[in-house]
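Working notes for the structure below.
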Amino acid sequence: MCSARSERGHDGRSPGRRASFALALFSAALSAGCALQGVAIDAGAPRELTETPFFPQERYQCGPAALLTVLTQSGVRTDMETLVQQVYLPARRGSLQAELTAATRRAGRIPWRLAPGGEALVAELDAGRPVLVLQNLGVGWWPRWHYAVVVGVGGDRVILRSGTERRRVMRSRTFLATWRRAGFWGFVALRPDEMPAEPDRDRWFRTLSELEEAGQYALAAEAWERALAVWPGSAVALFGLANSQYGLGDWAAAEASYRRLLAARPGLAAALNNRALALMRLGRLDEAESEAERALAAAAGEPDVEHAVRETLEQIRAAREESQSRSGRPSSTSR
């Protein structure tokens with residue numbers, strides 16, 4: 001039996017926060033809960049991903065085994081030893097969800113959390129993607145946490161790669177009960193050029209912003225490009241792309257993306273501020289200061305943004321002082 005703790009939340013850090021502090025300003029607030037619609041699993045024609053690999057687990061290591069299954073199926077080259085080191089917590093005799101999703105990002109894949117119930121699960125199977133799920137094989141007051149991978153459904157059966165069983169078959173009602181007791185937690189590992197089978201735009205944007213928060217800028221940039229192909233002109237996607245380019249140190253691309261966003265939304269203080277930062281990095285200090293002053297005017301009434309813009313202005317003026325000091329020219333009075 002595998003042991004794991006149910007622990008929600010993401011594990012992101014925010015090393016590029018100076019360039020991305022205001023992505024949330026563009027996103028609608030998301031509900032913390034999900035309506036349990038379509039909980040039953042469709043009893044349609046059977047479908048099974050028979051080519052899904054199988055990696056039998058060692059004691060308490062169902063997390064690494066399940067993760068290795070979905071990553072390998074997605075084309076990632078890794079092994080059990082590597083994933084055990086990344087996600088297995090000996091003191092807890094198991095793995096937390098945060099470790100599994102973080103390891104998925106490090107492997108160059110996007111962990112897409114499924115909506116509760118059978119419809120989303122079946123949709124991903126139909127798209128050819130096995131689903132990593134957390135089950136509670138015990139009861140609420142005495143949980144027995146276990147990670148497995150759903151590879152098929154049909155009739156009233158669910159087929160899993162589970163523990164030491166390559167093809168464990170459970171009744172749908174039994175599976176759904178164990179999954180429900182674990183909060184319907186499950187995800188698929190997506191390449192950055194893929195989209196979920198049933199994409200919810202706001203949830204997808206939130207998922208991509210977590211890549212940036214975790215410092216996965218290259219992965220995020222490619223995924224934001226894909227999102228822009230699906231939702232052209234989206235301010236959130238364009239802002240996310242620019243922030244990811246900034247995080248990668250591609251100042252010219254970031255500046256161009258911020259400029260493109262501002263052409264459509266000229267009064268966005270966050271975008272003005274971040275473009276000023278990109279201009280500063282490019283050494284275009286006069287333009288940077290002018291853009292930051294525009295941002296400061298646009299940020300009136302938004303204390304957090306206004307504070308960030310004032311910090312940007314300080315950085316730009318300090319950069320000018322340093323540049324003038326190196327060149328031997330006298331400093332000009334800051335405006």
For the side chain of [X] and the backbone of [Y], is there at least one donor-acceptor N/O pair under 3.5 Å apart?
X	Y	value
Thr72	Thr69	no
Thr101	Gln97	yes
Glu291	Ala288	no
Gln135	Tyr147	no
Ser257	Ala253	yes
Arg161	Thr52	yes
Ser234	Ala237	yes
Ser325	Glu322	no
Ser244	Gly240	yes
Arg181	Gly138	yes

Distance, nearest 0.5 Å, that separates [atom1] of [X] from [atom2] of [Y]:
X	Y	atom1	atom2	value
Arg47	Ile159	CZ	CD1	11.0 Å
Leu211	Leu219	CG	CG	5.0 Å
Ile110	Glu222	CD1	CD	8.0 Å
Arg275	Leu272	CZ	CG	8.5 Å
Phe239	Arg265	CZ	CZ	11.0 Å

Do you know which two heavy atoms are closest between [X] and [Y], and how far apart they sit?
X	Y	value
Gln73	Pro53	OE1-CD, 3.2 Å
Ala127	Ala197	CB-CB, 4.3 Å
Phe55	Ala65	O-CB, 3.4 Å
Glu306	Gly301	OE1-N, 4.5 Å
Leu49	Pro130	CD1-N, 3.5 Å
Leu262	Ala271	CD2-CB, 3.8 Å

Pair Arg109-Thr104, side-chain donor/acceptor within less than 3.5 Å: no
Side-chain H-bond candidate by donor/acceptor type, Asn273 with Thr312, under 3.5 Å: yes
Should the pair [X]-[Y] be classified as a salt bridge under the 4.0 Å nitrogen-to-oxygen rule?
X	Y	value
Glu48	Arg167	yes
Asp156	Arg171	yes
Arg105	Glu210	yes
Glu194	Arg226	no

Centroid-centroid under 6.0 Å between Trp179 and Trp185 rings: no
Listed once per pair and sorted, the salt bridge (Lys or Arg N to Asp or Glu O under 4.0 Å) pairs that draw on residues 61-77, sequence neighbours left out: none
Residues in salt bridge (Lys or Arg N to Asp or Glu O under 4.0 Å) contact with Arg166, at least two apart in sequence or another chain: none
Verdict with supporting geometry, Tyr246 and Leu241, side-chain contact (heavy atoms from CB on, under 4.5 Å): CA-CA 9 Å; Tyr246 187 99; Leu241 173 62; over 6 Å; no
Verdict with reasoning, Phe54 to Leu68, per side-chain contact (heavy atoms from CB on, under 4.5 Å): CA-CA 9 Å; Phe54 173 58; Leu68 182 57; over 6 Å; no
side-chain hydrogen bond (donor to acceptor under 3.5 Å, both in side chains), paired with Asn243, selected from Tyr217, Trp224, Tyr258: Tyr258
Cation over ring face, Arg203 and Trp112, 6.0 Å, 45°: yes
Within-4.5 Å side-chain heavy-atom neighbours: Leu121 and Val150: yes
Candidate pair Asp193 and Glu225, rule side-chain contact (heavy atoms from CB on, under 4.5 Å), full reasoning: CA-CA 9 Å; Asp193 62 343; Glu225 289 274 19; over 6 Å; no
